[in-house]
Amino acid sequence: MSTLPTQIAPNSSTSMAPTFLLVGMPGLSGAPSWWTLPLIAVYLLSALGNGTILWIIALEPALHRPMHFFLFLLSVSDIGLVTALMPTLLGIALAGAHTVPASACLLQMVFIHVFSVMESSVLLAMSIDRALAICRPLHYPALLTNGVISKISLAISFRCLGLHLPLPFLLAYMPYCHPQVLTHSFCLHPDVARLACPEAWGAAYSLFVVLSAMGLDPLLIFFSYGLIGKVLQGVESREDRWKAGQTCAAHLSAVLLFYIPMILLALINHPELPITQHTHTLLSYVHFLLPPLINPILYSVKMKEIRKRILNRLQPRKVGGAQ
C-alpha cells in the first residue's frame, strides 16, 4: 500500500508534471479500509435510486412530459457524477493510491465538471418549467413543446461539452509555479488551476467557464422562484397554493441540496477563514456525493406520479412472490 508523502518537491519546470498528488481526507491514509464500505454503499444506492427513476420514466408513457424529461436528465447527471468520482476515491480508500497520472486527473476533472454543470443546467431548466407551469398555466403546453425541449437539451449539451472540453488542453499547456498537490480526493478544476502561474493565459477562460454556470444558474433559479412566489401570493385558495407549492417542493429541495454546500465550499476557500482541511474535504464530499444519493428519494417521496408508478410496477412482483 502506498503512503502519502509528507513533503513534495516543487516542480522546477514550467510545464505540467506527469503526476498529481491527491491529499484527500487527512488521517485516513493510515487506515483506509473502514470508509471503503460507506463509499461503495453510497455509489450502489445512488445508482439504484437514479436507475429506478430512469427506468420508470422510460417505461411509463404518462411520464413523458417536460418535467419528467428534465428529471430523467437529472438522474443521468447524478449517475455520471458519482461514477466519475469513484476511481480516485476508491483508489485512496482501498490502496492508499494518492498519486494519479496527470492525463487521468484531467480526464476525471472533465467528467466531474461536465456532469456538475449538466446538473446545474437541468435544475435551471426545471425551475423555468415550474415557473411557466404556475405563472402561465394556459400557455404552458404551447410554450414547452417537444421542439423547445429538444433545443433546451442541445443547449445543455453544448454548455457542458463545448465549454469544458478545451479545459484539459488549456491546463496541460499552462505554466505551473506550485507543486502539483491537490487538496481533495478527486481532481477539480479550481484545485488544478490554482497551481498555475499567475500570468497563465488560460486562467481567464477557466474562470469564465466556472462562473458562467455555477454563478449564473442559482441567480436565475431563485429569480424563477421569486416569480412563482409572487404569483402564489395572489392565489386566494389556500388549497391551491399548497398544491402549487408541493409541485415545487422536490425541485427546491434538490436546488438547496446542490448549491448550499457549493456556496459554503467557495466561501471557506478564503485564506483568512480558519477552516481545517478535514472540514474542507468533508464539505466537498457532501457537495458531490449527497445530491446523487438524496435526489431520487426526494422525487420519489414528493412527486406522487413517480411514487405511484414505481409502486404499481413493483406490486405485481410482490403479489406473485406471495402466492
Side-chain angles (χ1 to χ4, degrees), residues 22 24-25 32-60 63-64 67-95 97 100 104 107-123 125-126 153 156-157 160-161 184-188 250-251 253-258 261-262 282-303 305-315 317-318:
L22 303 175
M25 182 72 79
S33 58
W34 71 266
W35 64 297
T36 304
L37 290 179
L39 283 178
I40 294 175
V42 166
Y43 179 72
L44 293 179
L45 290 174
S46 299
L48 176 62
N50 288 286
T52 302
I53 297 292
L54 295 175
W55 166 70
I56 202 66
I57 292 177
L59 288 183
E60 291 288 345
L63 299 180
H64 295 175
M67 184 63 178
H68 300 109
F69 174 74
F70 293 136
L71 178 56
F72 186 94
L73 294 182
L74 186 68
S75 292
V76 171
S77 67
D78 279 337
I79 291 179
L81 179 59
V82 74
T83 301
L85 294 167
M86 283 299 135
T88 51
L89 281 173
L90 290 178
I92 293 174
L94 291 171
V100 59
L107 184 63
Q108 184 189 47
M109 181 200 73
V110 169
F111 279 113
I112 288 175
H113 288 287
V114 162
F115 286 116
S116 292
V117 172
M118 179 180 177
E119 178 148 357
S120 181
S121 302
V122 172
L123 288 173
M126 294 173 84
S153 302
I156 292 175
S157 301
C160 297
L161 298 174
H184 296 283
S185 302
F186 28 79
C187 299
L188 299 178
H251 175 255
S253 300
V255 167
L256 297 176
L257 185 65
F258 182 77
M262 184 195 73
L282 183 61
L283 193 57
S284 72
Y285 289 169
V286 171
H287 171 54
F288 287 109
L289 294 176
L290 204 58
L293 179 64
I294 301 298
N295 281 344
I297 300 174
L298 283 175
Y299 283 98
S300 298
V301 171
K302 292 291 186 180
M303 294 185 71
E305 305 98 323
I306 297 291
R307 183 175 69 253
K308 181 179 178 181
R309 301 291 174 176
I310 292 175
L311 292 176
N312 287 343
R313 286 280 175 173
L314 296 179
Q315 189 175 4
R317 295 185 180 180
K318 295 181 179 180

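When a residue number appears, it is its place in the shown sequence, counting from 1.
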Peer 1: Just how far is it from atom OG of S153 to atom CZ of F72, taken to the nearest 0.5 Å?
Peer 2: 11.0 Å
Peer 1: Would you confirm whether S300, through its side chain, and I297, through its main-chain N or O, come within 3.5 Å as a donor-acceptor pair?
Peer 2: no
Peer 1: If we only count heavy atoms from C-beta on, is the L188 to M109 side-chain gap below 4.5 Å?
Peer 2: no
Peer 1: Applying salt bridge (charged side-chain N to carboxylate O under 4.0 Å, His left out), which residue pairs with at least one partner in residues 76-94 are found, sequence neighbours left out?
Peer 2: none
Peer 1: Would you say that H251 contacts L123 through its side chain, given a criterion of any heavy-atom pair below 4.5 Å between the two side chains?
Peer 2: yes
Peer 1: First locate atom CE of M118, then atom CG of L81, and finally report the distance between them rounded to the nearest 0.5 Å.
Peer 2: 11.0 Å
Peer 1: Give a yes or no on whether the backbone of L48 and the side-chain of T52 come within a donor-acceptor separation of less than 3.5 Å.
Peer 2: yes
Peer 1: Suppose we screen for disulfide bond (SG atoms under 2.5 Å apart). Which residues come up paired with C160, at least two apart in sequence or across chains?
Peer 2: none
Peer 1: Working to the nearest 0.5 Å, report the span between CG of L39 and CD1 of I92.
Peer 2: 9.5 Å
Peer 1: Keeping Q108 on the side-chain end and C187 on the backbone end, is there a donor-acceptor pair under 3.5 Å?
Peer 2: yes
Peer 1: Measuring only between side-chain heavy atoms, which start at C-beta, is L74 closer than 4.5 Å to Y299?
Peer 2: yes
Peer 1: To the nearest 0.5 Å, what is the distance between CG (L94) and CD1 (I40)?
Peer 2: 6.0 Å
Peer 1: Give me the ring orientation class for H287 and F258: parallel if the planes are under 30° apart, tilted from 30 to 60°, perpendicular past 60°.
Peer 2: tilted
Peer 1: Below 4.5 Å, heavy atoms only, C-beta onward: do L71 and N295 meet side chain to side chain?
Peer 2: no
Peer 1: Side-chain contact, heavy-atom cut-off 4.5 Å: L289 with M86?
Peer 2: yes
Peer 1: Is there a donor-acceptor pair closer than 3.5 Å between any side-chain N or O of S185 and the backbone N or O of L89?
Peer 2: no
